[in-house]
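These notes are about the structure you will find just below.
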Amino acid sequence: MNASRSLFWHRRDLRLADNTGLQAASALGPAVTGVYVLDPAIITPPQHLPPMAPARLWFLVETLIELQQRWRQAGSRLIVVAGDPVAVLPRLAALLEAPTLVWSRDVEPYARERDRQVAQRLQADGRRVVVDWDQLLIAPELLKTGGGDPYRVYGPFLRNWRGQVLAKQPSTVAAPTGLVDLDPAQVPAGDPLADLRESHGFKGAEICPCRPGEAAALEQLTSFCDGPLLGYEPDRNFPGTPGTSYLSAALSVGTISPRQAWCAAQDSREQARSEEHLQAIAVWEQELGWREFY
(Lines give C-alpha, C1' and ligand atoms only; values in the text may rest on other atoms or scores of the structure.)
Protein backbone atom coordinates (compact mmCIF):
# COMPACT_ATOMS: atom_id res chain seq x y z
CA MET A 1 0.00 0.00 0.00
CA ASN A 2 1.31 3.45 -0.94
CA ALA A 3 1.55 5.08 2.48
CA SER A 4 1.48 8.64 1.12
CA ARG A 5 -1.31 8.45 -1.50
CA SER A 6 -4.65 10.06 -0.62
CA LEU A 7 -7.79 10.11 -2.71
CA PHE A 8 -10.05 13.14 -2.61
CA TRP A 9 -13.65 12.36 -3.59
CA HIS A 10 -15.31 15.37 -5.22
CA ARG A 11 -19.09 15.63 -4.96
CA ARG A 12 -20.59 19.13 -4.46
CA ASP A 13 -17.23 20.90 -4.37
CA LEU A 14 -16.10 20.87 -8.01
CA ARG A 15 -13.20 23.29 -7.65
CA LEU A 16 -9.61 23.37 -6.38
CA ALA A 17 -9.53 26.82 -4.74
CA ASP A 18 -10.96 27.21 -1.25
CA ASN A 19 -11.86 23.54 -0.95
CA THR A 20 -11.53 22.55 2.71
CA GLY A 21 -11.68 18.83 1.98
CA LEU A 22 -8.94 19.07 -0.61
CA GLN A 23 -6.89 21.17 1.81
CA ALA A 24 -7.21 18.35 4.37
CA ALA A 25 -6.12 15.79 1.77
CA SER A 26 -3.11 17.80 0.60
CA ALA A 27 -2.08 18.43 4.22
CA LEU A 28 -1.48 14.67 4.51
CA GLY A 29 1.10 14.88 1.72
CA PRO A 30 1.40 16.03 -1.91
CA ALA A 31 0.47 12.65 -3.42
CA VAL A 32 -3.25 13.36 -3.88
CA THR A 33 -5.53 12.08 -6.63
CA GLY A 34 -8.98 13.47 -7.30
CA VAL A 35 -11.96 11.18 -7.91
CA TYR A 36 -15.47 11.84 -9.17
CA VAL A 37 -18.04 9.04 -9.37
CA LEU A 38 -20.83 9.28 -11.93
CA ASP A 39 -23.49 7.69 -9.75
CA PRO A 40 -26.32 6.11 -11.79
CA ALA A 41 -28.68 6.64 -8.84
CA ILE A 42 -28.34 10.39 -9.54
CA ILE A 43 -27.80 10.53 -13.31
CA THR A 44 -30.12 7.72 -14.43
CA PRO A 45 -32.15 6.70 -11.36
CA PRO A 46 -34.84 3.97 -11.27
CA GLN A 47 -37.88 4.44 -13.49
CA HIS A 48 -40.06 5.99 -10.79
CA LEU A 49 -37.63 8.94 -10.57
CA PRO A 50 -36.74 11.39 -13.38
CA PRO A 51 -33.23 11.29 -14.88
CA MET A 52 -30.88 14.22 -14.45
CA ALA A 53 -32.11 17.11 -16.63
CA PRO A 54 -30.07 17.68 -19.83
CA ALA A 55 -29.08 21.21 -18.76
CA ARG A 56 -27.87 19.99 -15.39
CA LEU A 57 -25.97 17.10 -17.00
CA TRP A 58 -24.32 19.48 -19.49
CA PHE A 59 -23.27 21.78 -16.63
CA LEU A 60 -21.83 18.85 -14.69
CA VAL A 61 -19.91 17.33 -17.61
CA GLU A 62 -18.35 20.63 -18.74
CA THR A 63 -17.43 21.45 -15.15
CA LEU A 64 -15.73 18.09 -14.69
CA ILE A 65 -13.77 18.50 -17.92
CA GLU A 66 -12.47 21.85 -16.71
CA LEU A 67 -11.75 20.38 -13.28
CA GLN A 68 -9.59 17.68 -14.89
CA GLN A 69 -7.52 20.42 -16.52
CA ARG A 70 -7.09 22.18 -13.20
CA TRP A 71 -5.91 18.98 -11.53
CA ARG A 72 -3.31 18.55 -14.27
CA GLN A 73 -2.13 22.12 -13.74
CA ALA A 74 -1.78 21.38 -10.01
CA GLY A 75 0.45 18.39 -10.83
CA SER A 76 -1.93 15.46 -10.39
CA ARG A 77 -5.17 14.27 -11.98
CA LEU A 78 -8.91 13.80 -11.54
CA ILE A 79 -10.15 10.28 -12.27
CA VAL A 80 -13.79 10.04 -13.36
CA VAL A 81 -15.44 6.65 -13.01
CA ALA A 82 -19.03 5.45 -13.35
CA GLY A 83 -20.91 3.17 -10.96
CA ASP A 84 -22.21 2.78 -7.44
CA PRO A 85 -19.78 4.66 -5.13
CA VAL A 86 -20.21 1.97 -2.46
CA ALA A 87 -18.66 -0.57 -4.82
CA VAL A 88 -16.46 1.65 -7.00
CA LEU A 89 -14.51 3.58 -4.37
CA PRO A 90 -13.17 0.60 -2.36
CA ARG A 91 -12.05 -1.03 -5.62
CA LEU A 92 -10.35 2.16 -6.80
CA ALA A 93 -8.62 2.66 -3.45
CA ALA A 94 -7.28 -0.88 -3.65
CA LEU A 95 -6.15 -0.43 -7.26
CA LEU A 96 -4.29 2.79 -6.44
CA GLU A 97 -3.00 1.46 -3.10
CA ALA A 98 -4.36 4.53 -1.32
CA PRO A 99 -4.75 4.16 2.46
CA THR A 100 -6.77 7.38 2.94
CA LEU A 101 -9.92 8.81 1.36
CA VAL A 102 -11.10 12.34 2.06
CA TRP A 103 -14.41 13.97 1.22
CA SER A 104 -16.71 16.76 2.38
CA ARG A 105 -20.02 16.09 4.09
CA ASP A 106 -23.38 16.47 2.39
CA VAL A 107 -26.73 17.33 3.98
CA GLU A 108 -28.98 15.28 1.64
CA PRO A 109 -30.48 12.04 3.05
CA TYR A 110 -29.38 9.90 0.08
CA ALA A 111 -25.83 11.25 0.26
CA ARG A 112 -25.58 10.72 4.01
CA GLU A 113 -26.60 7.07 3.75
CA ARG A 114 -24.33 6.52 0.73
CA ASP A 115 -21.40 8.06 2.60
CA ARG A 116 -22.05 5.90 5.65
CA GLN A 117 -21.92 2.76 3.50
CA VAL A 118 -18.78 3.91 1.64
CA ALA A 119 -16.99 4.69 4.90
CA GLN A 120 -18.02 1.34 6.37
CA ARG A 121 -16.61 -0.55 3.36
CA LEU A 122 -13.36 1.41 3.32
CA GLN A 123 -12.78 1.04 7.04
CA ALA A 124 -13.45 -2.69 6.78
CA ASP A 125 -10.56 -2.78 4.31
CA GLY A 126 -8.33 -1.01 6.82
CA ARG A 127 -8.44 2.38 5.12
CA ARG A 128 -8.75 5.75 6.81
CA VAL A 129 -11.67 8.09 6.10
CA VAL A 130 -11.41 11.86 6.69
CA VAL A 131 -14.54 14.00 6.38
CA ASP A 132 -15.56 17.55 7.32
CA TRP A 133 -17.89 20.37 6.22
CA ASP A 134 -17.25 22.50 3.11
CA GLN A 135 -20.75 22.99 1.71
CA LEU A 136 -21.83 25.50 4.38
CA LEU A 137 -20.42 28.51 6.18
CA ILE A 138 -21.62 27.15 9.53
CA ALA A 139 -21.95 23.44 10.29
CA PRO A 140 -25.61 22.43 10.92
CA GLU A 141 -24.88 21.00 14.37
CA LEU A 142 -23.76 24.46 15.51
CA LEU A 143 -27.15 26.01 14.70
CA LYS A 144 -29.71 24.97 17.30
CA THR A 145 -32.51 26.64 19.21
CA GLY A 146 -32.23 27.25 22.93
CA GLY A 147 -33.90 23.87 23.38
CA GLY A 148 -31.28 22.12 21.26
CA ASP A 149 -33.52 21.55 18.24
CA PRO A 150 -32.99 22.53 14.58
CA TYR A 151 -34.54 25.87 13.64
CA ARG A 152 -37.91 25.80 11.91
CA VAL A 153 -38.26 29.58 11.49
CA TYR A 154 -35.87 31.55 9.30
CA GLY A 155 -35.68 34.78 11.35
CA PRO A 156 -34.15 33.28 14.52
CA PHE A 157 -31.97 31.01 12.39
CA LEU A 158 -30.63 33.99 10.45
CA ARG A 159 -29.74 35.92 13.61
CA ASN A 160 -27.82 32.96 15.05
CA TRP A 161 -26.20 32.10 11.70
CA ARG A 162 -25.12 35.66 10.94
CA GLY A 163 -23.69 36.10 14.43
CA GLN A 164 -21.60 32.94 14.05
CA VAL A 165 -20.43 33.91 10.56
CA LEU A 166 -19.33 37.36 11.75
CA ALA A 167 -17.54 35.86 14.74
CA LYS A 168 -15.83 33.28 12.53
CA GLN A 169 -14.71 35.85 9.94
CA PRO A 170 -14.46 33.39 7.01
CA SER A 171 -11.46 33.56 4.71
CA THR A 172 -10.48 31.76 1.54
CA VAL A 173 -7.36 29.91 0.43
CA ALA A 174 -5.76 29.32 -2.94
CA ALA A 175 -5.78 26.06 -4.87
CA PRO A 176 -3.05 23.57 -3.98
CA THR A 177 0.01 23.34 -6.19
CA GLY A 178 2.88 20.90 -6.50
CA LEU A 179 0.74 17.79 -6.14
CA VAL A 180 2.27 14.43 -7.06
CA ASP A 181 0.61 12.33 -9.76
CA LEU A 182 0.04 8.61 -10.01
CA ASP A 183 2.12 6.25 -12.07
CA PRO A 184 0.24 6.36 -15.43
CA ALA A 185 0.11 2.56 -15.39
CA GLN A 186 -2.24 2.74 -12.40
CA VAL A 187 -4.81 4.96 -14.10
CA PRO A 188 -8.06 3.12 -14.97
CA ALA A 189 -8.83 2.95 -18.68
CA GLY A 190 -11.83 4.67 -20.25
CA ASP A 191 -13.39 8.13 -20.37
CA PRO A 192 -17.07 8.11 -19.30
CA LEU A 193 -17.27 11.89 -19.71
CA ALA A 194 -16.80 11.62 -23.48
CA ASP A 195 -19.97 9.54 -23.86
CA LEU A 196 -21.99 11.84 -21.61
CA ARG A 197 -20.77 14.88 -23.51
CA GLU A 198 -22.16 13.38 -26.71
CA SER A 199 -25.44 12.15 -25.26
CA HIS A 200 -26.76 14.73 -22.73
CA GLY A 201 -28.94 16.36 -25.39
CA PHE A 202 -28.80 19.92 -24.06
CA LYS A 203 -28.97 22.53 -26.85
CA GLY A 204 -29.21 25.78 -24.88
CA ALA A 205 -25.62 26.27 -23.75
CA GLU A 206 -25.27 29.62 -25.49
CA ILE A 207 -28.19 31.17 -23.58
CA CYS A 208 -27.56 29.62 -20.16
CA PRO A 209 -26.83 32.50 -17.73
CA CYS A 210 -24.72 30.35 -15.39
CA ARG A 211 -21.55 29.03 -16.97
CA PRO A 212 -19.90 25.73 -16.00
CA GLY A 213 -16.51 25.49 -14.40
CA GLU A 214 -14.56 27.11 -11.59
CA ALA A 215 -13.07 29.90 -13.70
CA ALA A 216 -16.47 30.98 -15.03
CA ALA A 217 -18.01 30.93 -11.54
CA LEU A 218 -15.28 33.17 -10.14
CA GLU A 219 -15.66 35.53 -13.10
CA GLN A 220 -19.43 35.71 -12.56
CA LEU A 221 -18.97 36.36 -8.85
CA THR A 222 -16.53 39.19 -9.58
CA SER A 223 -18.81 40.73 -12.22
CA PHE A 224 -21.80 40.56 -9.89
CA CYS A 225 -19.97 42.16 -6.97
CA ASP A 226 -18.52 44.88 -9.19
CA GLY A 227 -21.98 46.14 -10.18
CA PRO A 228 -25.34 44.37 -9.79
CA LEU A 229 -24.77 43.52 -6.12
CA LEU A 230 -24.99 47.19 -5.13
CA GLY A 231 -28.49 47.28 -6.60
CA TYR A 232 -29.51 43.76 -5.61
CA GLU A 233 -32.37 45.18 -3.58
CA PRO A 234 -34.73 45.97 -5.32
CA ASP A 235 -33.38 44.88 -8.75
CA ARG A 236 -33.60 41.17 -7.88
CA ASN A 237 -37.39 41.48 -7.92
CA PHE A 238 -37.64 42.48 -11.60
CA PRO A 239 -37.16 39.66 -14.14
CA GLY A 240 -36.28 42.10 -16.92
CA THR A 241 -33.35 43.53 -14.94
CA PRO A 242 -29.99 41.66 -14.71
CA GLY A 243 -29.98 42.17 -10.96
CA THR A 244 -29.17 38.68 -9.65
CA SER A 245 -25.89 36.78 -9.39
CA TYR A 246 -26.70 33.82 -11.69
CA LEU A 247 -24.64 31.73 -9.26
CA SER A 248 -27.20 29.23 -7.98
CA ALA A 249 -25.85 26.40 -10.14
CA ALA A 250 -22.27 27.27 -9.20
CA LEU A 251 -23.09 27.13 -5.49
CA SER A 252 -25.08 23.93 -5.97
CA VAL A 253 -22.22 21.95 -7.53
CA GLY A 254 -19.52 23.90 -5.71
CA THR A 255 -17.63 25.61 -8.50
CA ILE A 256 -17.48 28.41 -5.94
CA SER A 257 -17.60 28.05 -2.17
CA PRO A 258 -19.97 29.86 0.19
CA ARG A 259 -16.89 31.41 1.77
CA GLN A 260 -15.83 32.90 -1.56
CA ALA A 261 -19.33 34.33 -1.98
CA TRP A 262 -19.37 35.77 1.55
CA CYS A 263 -15.87 37.24 1.32
CA ALA A 264 -16.67 38.86 -2.03
CA ALA A 265 -19.69 40.51 -0.42
CA GLN A 266 -17.49 41.84 2.39
CA ASP A 267 -15.06 43.29 -0.15
CA SER A 268 -18.03 45.01 -1.80
CA ARG A 269 -18.98 46.57 1.53
CA GLU A 270 -15.69 48.47 1.44
CA GLN A 271 -16.67 49.90 -1.96
CA ALA A 272 -20.24 50.84 -0.96
CA ARG A 273 -21.01 54.55 -1.14
CA SER A 274 -24.52 54.71 0.31
CA GLU A 275 -26.91 53.10 2.78
CA GLU A 276 -28.79 51.69 -0.22
CA HIS A 277 -25.64 49.87 -1.33
CA LEU A 278 -25.10 48.44 2.14
CA GLN A 279 -28.72 47.32 2.34
CA ALA A 280 -28.45 45.59 -1.04
CA ILE A 281 -25.35 43.69 0.13
CA ALA A 282 -27.08 42.74 3.39
CA VAL A 283 -30.02 41.28 1.46
CA TRP A 284 -27.69 39.11 -0.63
CA GLU A 285 -25.96 37.94 2.55
CA GLN A 286 -29.40 36.99 3.86
CA GLU A 287 -29.94 34.92 0.71
CA LEU A 288 -26.72 33.04 1.46
CA GLY A 289 -28.18 32.44 4.91
CA TRP A 290 -31.45 31.22 3.36
CA ARG A 291 -29.46 28.69 1.31
CA GLU A 292 -27.99 27.28 4.52
CA PHE A 293 -31.36 27.32 6.29
CA TYR A 294 -32.82 25.32 3.40
Residue among Asp183, Val187, Leu182 satisfying side-chain contact (heavy atoms from CB on, under 4.5 Å) with Leu96:
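For Leu96, the side-chain contact (heavy atoms from CB on, under 4.5 Å) check succeeds only for Leu182.
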Review point. Does NZ or CZ of Arg56 fall inside the cone over Trp58's six-membered ring, less than 6.0 Å from its centre and within 45° of the axis?
Key: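 Judged by the rule (NZ or CZ under 6.0 Å from the ring centre, within 45° of its axis), Arg56 is not positioned above Trp58.
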- Message: Using the rule given for side chain to side chain contact (heavy atoms under 4.5 Å, CB included), can you reason through Leu196 versus Leu57, listing the C-alpha separation, both sets of side-chain angles and the distance that settles it, and then say yes or no?
- Response: CA-CA 8 Å; Leu196 283 178; Leu57 188 55; 4.1 Å; yes
- Do you know which two heavy atoms are closest between Glu214 and Leu14, and how far apart they sit?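 For Glu214 versus Leu14, the nearest heavy atoms are CB-O, 4.5 Å.
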Between Ala87 and Pro90, which heavy-atom pair has the shortest distance, and what is it?
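Minimum heavy-atom separation between Ala87 and Pro90: O-CD, 3.5 Å.
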- May I ask you to say whether Glu66 pairs ionically with Arg70, meaning some side-chain N is under 4.0 Å from a carboxylate O? yes
query: Is it true that Asp106 and Arg12 have a side-chain N and a carboxylate O under 4.0 angstrom from each other?
result: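 Between Arg12 and Asp106 there is a salt bridge, with a charged N closer than 4.0 Å to a carboxylate O.
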>> Classify the ring geometry of Tyr232 against Phe224: parallel below 30°, tilted from 30° to 60°, perpendicular beyond 60°.
In response: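 Rings of Tyr232 and Phe224: perpendicular, over 60°.
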Please work out which of the three classes, parallel, tilted or perpendicular, describes the rings of Trp290 and Phe293, given edges at 30° and 60°.
tilted
Step by step, would you call Thr20 with Asp134 a side chain to side chain donor-acceptor pair (under 3.5 Å)?
CA-CA 6 Å; Thr20 57; Asp134 176 84; 3.0 Å; yes
Within the 3.5 Å criterion, strictly below it, is a donor on Thr33 or Arg5 matched to an acceptor on the partner's side chain? yes
- Task: Apply the test side chain to side chain donor-acceptor pair (under 3.5 Å) to residues Gln73 and Gln69: give CA-CA distance (whole Å), side-chain angles for both, the deciding distance (0.1 Å), then the verdict.
- Result: CA-CA 6 Å; Gln73 292 166 359; Gln69 296 170 351; 5.6 Å; no
